[in-house]
Amino acid sequence: MSLTIQNPILMPGANLIGAEWSAAADGRTLNVCDPATDEVFAIVPDSGAADARHAVDVAHAAFATWKKVPAKQRAQIVKRWNDLVVAHVEDLGRLISREQGKPLAEGKGEVMYAASYIEWFAEEATRADGDVIAAPVPGRRMFALREPVGVIAAITPWNFPAAMIARKIAPALAAGCTVVCKPAEDTPLTSLALVKLAEQAGVPPGVLNIVTASRERAAEVVDVWLDDPRVRKMTFTGSTPVGKHLARRSADTLKKLSLELGGNAPFIVFDDADLDAAVEGLMAAKFRNGGQTCVCPNRIFVQDKVHDAFVEKLAARVSALVVAPATDSAAQIGPMINARAVDKIERHVNDAVSRGARVVAGGKRIKSDRCPGPNYYAPTVLVDVDATMECSCEETFGPVAPVTRFSTEAEVVATANATPFGLAAYFYSNDVKRIWRLADALESGIVGINEGAIAAEAAPFGGIKDSGYGREGSRYGLEEYMHIKYVCQGQLD
Ligand code: NAP
């Protein structure tokens, strides 16, 4: 199966700053590798501080006019962007699979998922109404008006190269903000393609700007945006340490922040659950994108009575998963993003086994005729996992399902909440009273009840505690890009 891009316009291989697609100011370049082989297949700019500053200059200049474009007109442009993204689903899916490694069905699925956010915010743009406030004294009219916050800096990770950037840029444009953005080193191509399509949709020059950079230069680019008072908001998806760094470093310019950070999601199966549904839910939530998702279950707790039956069913399903490059039409799990990712997975599994966990499926790297590249790891199930093991304390970010046995509801709720993170939590139960007790008790921004696929454009996505703050998607997602201005007119009587 070919991942060749049919429409070469989708691979501009350059930054967009203002109206110009250009190289980095100092001419440096970044190689983009195929995670299935580690071979270089594209080159993009390795941008630095000068490019970052130039992008803010043009975004700041463009804000003066873009914010005055009527919401309906902005909505029409964003809607055209959605239409173009949907029309290019095949090529965009191939691009995602090529640079990120996920199977093509998932790559195309991500394109449609990204488009759903773009369409949603095109529609929300026209409903960003303010309020007329009942004045407490005579002779006054009082209003709460919504205004775009200004220039937005968007920084995104590699695991969903289309969706992460779409759900930041679409609400920003819809709200009337202008944007500077930097995608992850591993996956710059999908973002460039999306920006190309936004340009074709009629987003005016300067309103949407993108610079690509290597991991070594990421901080150089982002520091410029952190320090520049003209950048009024930073929206970041990535790891908790980098998110905390951005929060600290942006304090001097008091930027508005949205931080979508790491998770350590519990997945709890009670004795009264539908076991088959729980296994299916776990397969969807855990193994999508090879387990490289922030909301994927990282700690699986199964109650005594159903533990062995659940593990047996799970191990059978996991052992049957097909691991292969995205070019293989049977692939269900692709390569991990890079060597560091595979090293971390291996470290977590070895640590767990050295402390008493048992491997009941997978548990090793894969190197075979079907998977000749260096970045494959077998889908894995571990049992007898406890809270001291590395895989219980931090995201493994790979296809590893670590299972822990529990006895009581009180015990499992305490253990599930005993983490600094709070992004997603899942549980399976058919006891209606327990369902609402758990929905209240779990410390998490998102709770999936008898459901493993929780993300949707209409739903507020985001965490609490060390998983960050701010919400993406839903009507709340637009508010992140607007502030409220109170206007009071007196002397009216
Ligand atoms: P990361 O290392 O924090 O990188 C995220 C972005 O920040 C990338 O663009 C990266 O550039 C950039 N970056 C790295 N160091 C930086 C620095 N010192 N200053 C400024 N920017 C910097 O995270 P990742 O490993 O790519 O992504 C995985 C993480 O994202 C996981 O923790 C996952 O849970 C989280 N995530 C969260 C959500 C959510 O919605 N909550 C969604 C998806 C992923 P380079 O790529 O060039 O390093």
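Heavy-atom basis, side chains included; hydrogens, waters and symmetry copies ignored. Read the numbers this way: they start at 1 and go in the same order the structure lists the ligands and their atoms.
- A donor-acceptor contact shorter than 3.5 Å links the side chain of Gln292 to the backbone of Asn289.
- Put simply, the side chain of Lys255 gets close to the backbone of Leu226: a donor and an acceptor are under 3.5 Å apart.
- For Lys102 and Phe160, the positive end sits near the middle of the six-membered ring, less than 6.0 Å away and at most 45° from its axis.
- Between the side chain of Arg355 and the main chain of Asn350, no donor-acceptor pair closer than 3.5 Å is present.
- The six-membered or imidazole ring of Phe427 lies away from that of Phe301, with a centre-to-centre distance of 6.0 Å or more.
- Here Arg471 has no heavy atoms under 4.0 Å from ligand 1, in either its backbone or its side chain.
- Residue contacts with ligand 1 for Leu423 involve side-chain atoms from C-beta outward but no N, CA, C or O (heavy atoms, distance under 4.0 Å).
- Geometrically, ligand 1 and His245 share no nitrogen or oxygen pair separated by less than 3.5 Å.
- At least one heavy atom of Phe397 sits less than 4.0 Å from an atom of ligand 1.
- With a 4.0 Å cut-off on non-hydrogen atoms, Thr237 touches ligand 1 through its backbone as well as its side chain.
- Contacts between Val295 and ligand 1 below 4.0 angstrom, taking non-hydrogen atoms only, are absent altogether.
- Of the N and O atoms on the side chains of Tyr481 and Arg146, not one donor lies less than 3.5 Å from an acceptor on the other residue.
- The heavy atom nearest to atom 19 (N) of ligand 1, out of those in Ser191, Ala455, Ala219, Ser214, is found in Ala219.
- Distance from atom 27 (O) of ligand 1 to its nearest protein heavy atom, with residue and atom name: Pro157 CB, 3.4 Å.
- In this structure, atom 1 (P) of ligand 1 has a protein heavy-atom contact shorter than 4.0 Å.
- At a 4.0 Å heavy-atom cut-off, ligand 1 does not touch Glu472 at all.
- Residues satisfying the salt bridge (charged side-chain N to carboxylate O under 4.0 Å, His left out) test with Arg94, not counting sequence neighbours, are Glu90.
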